[in-house]
Amino acid sequence: MKIKRWVAISAVVAAGAMVLAGCSAGASPTPTSTSSTAVITVNGSEPQNPLIPTNTNETGGGKITDNIFAGLVYYKADGSPVNDVAESIKTTDAQNYTIKIKPGLKFTNGEAVTAKSFVDAWQYGALFSNKQLNSYFFESIQGFSYDKDSPLTGLKVVDSTTFTVALVDKEADFPLRLGYTAFMPLPAVAFKDMTAFGASPIGNGPYKIKSPTAWQHNVKIDLVVNPAYTGPRKPKNGGLSIIFYATEDAAYAELQSGSLDVLDSVPNTDLANYTTDFPGRTVNQPAAIFQSFTIPSNLAHFTGAEGKLRRQAISMAVNRDQITKVIFQGTRTPATDFTSPVIAGYSKNLPGSGVLKYNPTEAKKAWAAADAISPWTGSFQIAYNADGGHQAWVDAVTNSIKNTLGIDSSGAPYPTFAQFRTVITNRTIKTAFRTGWQADYPALFNFLGPLYATKAGSNDGDYSSAAFDALLKQGQAQTDVASANKLFQKAQGVLLADLPVVPLWYSNVTGAYGKTVSNVKFGWNSVPIYTDISKG
Amino acid sequence: MVWYILRRLLQLIPVFFGATLLIYFMVFALPGDPIAALAGDRGLNPAVIAQLRAHYHLDQPFIIQYLIYLRGIFTGDLGTSFSGQPVSQILAATFPVTLRLTILAVIIESAAGILIGLVSGLRKGKLFDASALVVSLIMISIPIFVIAFVSQFIFGIKLAWAPPTVSEGAPWGDLILPAFVLATVSFAYIVRLTRASVIENLSEDFVRTATAKGLSRRRVIRVHILRNSMIPVVTYIGTDFGTLIVGATVTEGIFNVPGVGRTLYQAIIRGEAPTVVSFVTVMVIIYVVFNLLIDLLYGLLDPRIRYAK
């Protein structure tokens, strides 16, 4: 039920008094078409940027571009990549890739999808003066520059269906990236007038926009099946109508009334009741989002042998099961590693992962051992931004630490995210602080390299470990994902011993769907796999 | 009269400059960098950020940004949103929707409010009057979002009399429920205003005279009481029209009405100065024009009111 009971009761009173004499608007009859041509109605939000793949970095636009474009690969629900436009992606050294695409594919305007369609699109996306939000995705290709116009010299067209990519360094997970929005091909017409193209894009994906004016700003966008698409994502429905909602609550109300088919984020206020509102038709599964708190490497009492013990003690003092159940109503999954369950290579029982389990006795023991090295003084604080709804869990975590270890522990709020990030970036913060990471593409390395490699861009705690760096490098030099992942798991063993951050949990995606649709599955990136949904 | 109108219209010019300058400054002073927000949690390369800032003139000092915006207005270019849509197009798409919603709400609140207020006033102290007062008190004290959620739940989901949110194109039928919600609070005020005004006029000399002349009660009420009681009510409805156009943000959000309030809210969140300033400026102008119209209406209602040159 949408509204808490007491509100509903006072509502009946108010409604009776409201003299709302007969407001009849004629309830719209539920369309019950039972063929595979039925259109699925789903929730979305107004894209923040024009619909250009290399400039789409948020879910509102990504939901659309991912369905009207087909990249070299696409991701199955478990995050594993499957060739879409690509015929093969080969490498012998994890640095030079030869990519062959399937012949005979076409954009919806009839233009052929060739090697050039990819190379030109990537060149456009990477060029400095084009100021594309996703340009950093091309940074590992030779020739990329962040501060001047410089063509990607690493891209070469061999023939109409083959091109080669030369990377700056060995990167085993490069093929895993190729399903991301930024790597989509573009037809030649796009480069003539990118602004016009961004308003009504021409793609090669399972769907296409219904008409050049299908994007009704702030209202919705209509997609229909692209008959020219012959790839593995052939839609099992007649199209998508993506409605832009101002609030999650409005979308939830529409789902309850039956005019919305699939909702991919349940509003917080309905988490307590959504499973009873839509019995058997809900989704609650981990997303590619990893939550933790970072203990900076130079924090007093948290360095050397003493630091290792204290970090372990604190990690074992956090009752993750209870907090995820009570505070988050089961919409978080307790962490067992540094990645996410939707990524191939995720592991439940890495050697040393015992430190991620609540264990008050061991925690006290470790803390006492650390006190023997140097006695503890002061308070253990976790900083957070107060504008993001973090207070409840930070308080719960610090209480758990306080009660288990018998030390003073509390949250340290900063008013806004901007202020919070500023003190972290300029390293003036003198406490632990909350950190989170959402993967751009389903690869283990994406959860490790940018966060914990020495001097990496998002290594906010300045962690540095030669053993960890070496394992990462070794992993990136592999030519197949499975053997690379083994090394990345080994690298996580180093992290579990050092605990540069204390893993907490993975965020879940919560969704619900109507009676008329079936086969609703959510992808690794928390977006439903629309092409597989059938209606009727 | 013509001079009066002209003078009032001329006042629009300083109001326009003052409002745009003030609003532009406020958007400028908003904490947080819109480009950083555009980049999300991950952050962008500083060089890309600098380039985007230059593109939207965000690297210029405040007054230059404002002058660039003003130059745009006088050349018919209100700027574009981050998603590449011209602001003039957004204005044209959203204002008619909100205007329709507001018109519906004003019709509902004034028709119901004046009628109930009049009956209440005429039967002062009776059961009808007492219950009208209680109901209006309840409506004034319940926050609008509670009324909105509750009526969405009851009429939109449980009874399915109306769609819970407004569908594309915002047809009149879909707007009835949000209009009722929007009308509730003002309805209560109109009831109370009309009632007080009617009671006051009932004891006026001219009413007694009219009754003594032998006019029918119906005519006394219609011509002598109601018309004279309308002056404060019309003032209220007029300002309310402006307030509703500007302030329907909450209701528009809950019922997903693609109107002014919702769009403006999103633009503020994203820090899109051109959209925010253009919207608010149009709102200010609407407000001023409506105030003028109300002032002119007084003359029609009460022949004693005359506007000097």
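Given the structure is predicted, the values throughout are model-derived calculations rather than measurements. All values below come from the heavy atoms of this structure, side chains included, with hydrogens, waters and symmetry mates left out. Chain letters run A, B, ... following the sequence lines, proteins first, then strands; residues in each count from 1.
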- [ ] Please report the shortest heavy-atom distance between A:Trp215 and A:Gly198, naming the atom on each side.
- [x] CZ3-O, 3.6 Å
TODO: Report yes if the distance between the aromatic ring centroids of A:Phe144 and A:Tyr136 is under 6.0 Å, otherwise no.
DONE: no
- [ ] Can you spot which of B:Leu122, B:Leu133, B:Ile116 makes a side-chain contact (heavy atoms from CB on, under 4.5 Å) with B:Phe128?
- [x] B:Ile116
Open item on the list: So for A:Pro47, is it side chain, backbone, both, or neither that comes closer than 4.5 Å to the heavy atoms of chain B?
Closed with: backbone
Open item on the list: To the closest 0.5 Å, what do you measure between OG1 (B:Thr184) and CD1 (B:Ile140)?
Closed with: 10.0 Å
Task: Contacting moiety of A:Gln216, where chain B heavy atoms sit under 4.5 Å - done: side chain
Open item on the list: Counting only non-hydrogen atoms closer than 4.5 Å, does A:Lys131 touch chain B with its backbone (N, CA, C, O), its side chain (CB onward), both, or neither?
Closed with: both
